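Below: one structure, written as structure tokens.
Counting convention: from 1, in listed order, for ligands and their atoms alike. Index from 1, following the sequence. What you are looking at is a predicted structure, and each value in this text was computed from that prediction instead of being measured.
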Amino acid sequence: MPPRRLVVVGGGLAGSEAAWQAASRGVEVELWEGRPEMRTPAHSTLYLGELVCSNSLGSDLPETAAGLLKAELRRLGSLVMAAADRHRVAAGRALAVDRLAFARAVTARLASHPLVRLRRGEVDRLPEGPAVIATGPLTSEKMAQALQEELGASCLHFYDAAAPIVTGESVDPERSFWASRYEKGGGDYLNCPLTQAEYEAFWQALVSAETVPLNEIDRPLFFEGCLPVEELARRGRDTLRFGPLKPVGLVDPRTGRQPYAVVQLRREDRSGRLLNLVGFQTRLRWGAQAEVFRMIPALARAEFVRYGVMHRNTYLEAPAVLEPTLRARRRPRLFLAGQLVGVEGYLESTAAGLVAGINAARAIRGETPVVFPEETMIGALLAFVTRPRPVVQPMNASFGLLPPLRERVRGQASRRHRHVERAQEALSNFLSCVTIGT
Ligand SMILES: Cc1cc2nc3c(=O)[nH]c(=O)nc-3n(C[C@H](O)[C@H](O)[C@H](O)COP(=O)(O)OP(=O)(O)OC[C@H]3O[C@@H](n4cnc5c(N)ncnc54)[C@H](O)[C@@H]3O)c2cc1C
């Protein structure tokens, strides 16, 4: 029988989870972490599973997208979730952790696993044999180059300048209208008009809102074609009306006139259940984004699936290079995981690590890698990131990614409840049909 050995590169959240899942399935794992010799601009310890910023892993309420993802990870024996539950600190409805105790626990469990060998040092090329690459948003330059050579030069993004995304159903249909500028195209944009008074109040709030401090590694993002919306607004009261909020060529069917200003929303996926605010890449803090962007009348009750960001982030053009199993199309023994595959967030990265670890172990054992059902949060997230779409940008867990319910359910709370029930049923059916266990 061939050796059941897997190399995992990157001992962050995804790599640690992938190593754990593979070792739990009887595979020998060599887990490589570049720190402490190799440095990244965000990590500061030598522990595996270090949380680079917030110590919160998001809501733990069962009927939220983040809560559903946690429930699925717990059910699948996630190392990261077990350490988080063990080292949680009081944080209301969120799951926050003592970050040092958490990372020490992840490190200790891996270091003491009889099938895991922990190695330190930067890996600068893709391993020859079965491997999981989970080097994260701050992947070292040499590894980024190796990925580009292997997977294709245009397949790696280095920065993430993303506008916020809202759910289509949360946009007020009474205060928005579908149309294309000068009626060219087929009404492809959902337009959110503002009166002069609404625009001026919005502009004032936007230029006064708090932004995330600019980090040296993020400075290259600031070129003229990609300015944050608040930066554009600071150039003058009317700059936005000649830029992303320009109303020309649009007529509001309710008034029969061109609005004073218009925010345009564009479909993020084919179904149009998710919409992004065109031209609204931003460095506003997330709380400020919710407050300021809800001043746009049609977005007063908008549900944000993802906030805007502008930061260094290495991630793949996943639809071009990855299967939904997270296996590289061009290299069947290579799996990718974590933020690198185009998910965003601590537990989303962990989920991608979990699936890559399970599938790499399956491939080594001669079994077919599995695709999680789309009705589960894990399945929906990985289906979304690996499916072709107009603009590939990282994605958080969200109810907007789940397939619509077959039955009509009235009220958001009841719909979410049904989504969670359906996800649990789908995971149970999946686990009873496919043996993914140890
Ligand atoms: C500055 C910053 C702040 C963030 N803040 C948050 C937040 O508050 N909340 C949130 O949910 N998400 C946040 N994220 C996004 C994301 O959730 C985290 O980056 C998460 O840690 C990603 O997990 P990962 O396993 O993919 O990568 P990481 O956790 O970064 O792990 C990758 C590991 O690979 C190692 N490595 C890199 N290159 C090599 C190499 N060539 N050889 C060997 N080892 C290598 C790195 O040292 C690192 O340990 C943030 C991201 C960044 C960049």
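- Gly121 counts as a contact of ligand 1, since one of its heavy atoms falls under 4.0 Å from the ligand.
- Under 4.0 angstrom from ligand 1, there are no non-hydrogen atoms of Leu51.
- Judged purely by atom type and a 3.5 angstrom limit, Lys70 uses its side chain to pair as donor or acceptor with the backbone of Leu57.
- Separation of the Phe304 and Tyr307 ring centroids falls under the 6.0 Å cut-off.
- Counting heavy atoms under 4.0 Å from ligand 1, residue Met143 touches it through the side chain alone.
- Contact annotation: for His43 versus ligand 1, heavy atoms closer than 4.0 Å belong to the side chain alone.
- Residue Met38 places a heavy atom less than 4.0 Å from ligand 1.
- Side chain to side chain, Glu141 and Gln145 fail the donor-acceptor criterion of an N or O pair below 3.5 Å.
- Of the options Arg119, Glu17, Glu33, Arg312, the smallest heavy-atom separation from atom 47 (O) of ligand 1 is shown by Glu33.
- For Ala134, every heavy-atom contact with ligand 1 shorter than 4.0 Å involves the backbone, none the side chain.
- Of the N or O atoms in Gly338, none lie within a sub-3.5 Å distance of an N or O in ligand 1.
- Contact annotation for Val52 and ligand 1: only side-chain heavy atoms (C-beta onward) come within less than 4.0 Å of the ligand.
- Atom CZ of Arg285 has more than 12 neighbouring heavy atoms from other residues, nucleotides or ligands inside a 6.0 Å radius.
- Ring pair Phe102/Tyr47: centre-to-centre distance not below 6.0 Å.
- Glu169 pairs in a salt bridge (Lys or Arg N to Asp or Glu O under 4.0 Å) with only one of the listed residues (Arg273, Arg416, Arg415), which is Arg415.
- The parts of Ser140 lying near ligand 1 are both backbone and side chain, judged by heavy-atom distances below 4.0 Å.
- Among Gly345, Gly136, Ser56, the residue whose heavy atom lies nearest to atom 24 (P) of ligand 1 is Gly136.
- Each of the following atoms of ligand 1 lies closer than 4.0 Å to a heavy atom of Pro137: 19 (O), 22 (C), 27 (O), 30 (O), 53 (C).
- Proximity of Thr40 to ligand 1, defined as any heavy-atom pair under 4.0 Å, is confined to the side chain (atoms from C-beta onward).
- Between the side chains of Glu63 and His417, at least one donor N or O lies within less than 3.5 Å of an accepting N or O.
- For atom 43 (C) of ligand 1, the choice among Gly34, Ala14, Gly58 with the nearest heavy atom turns out to be Gly34.
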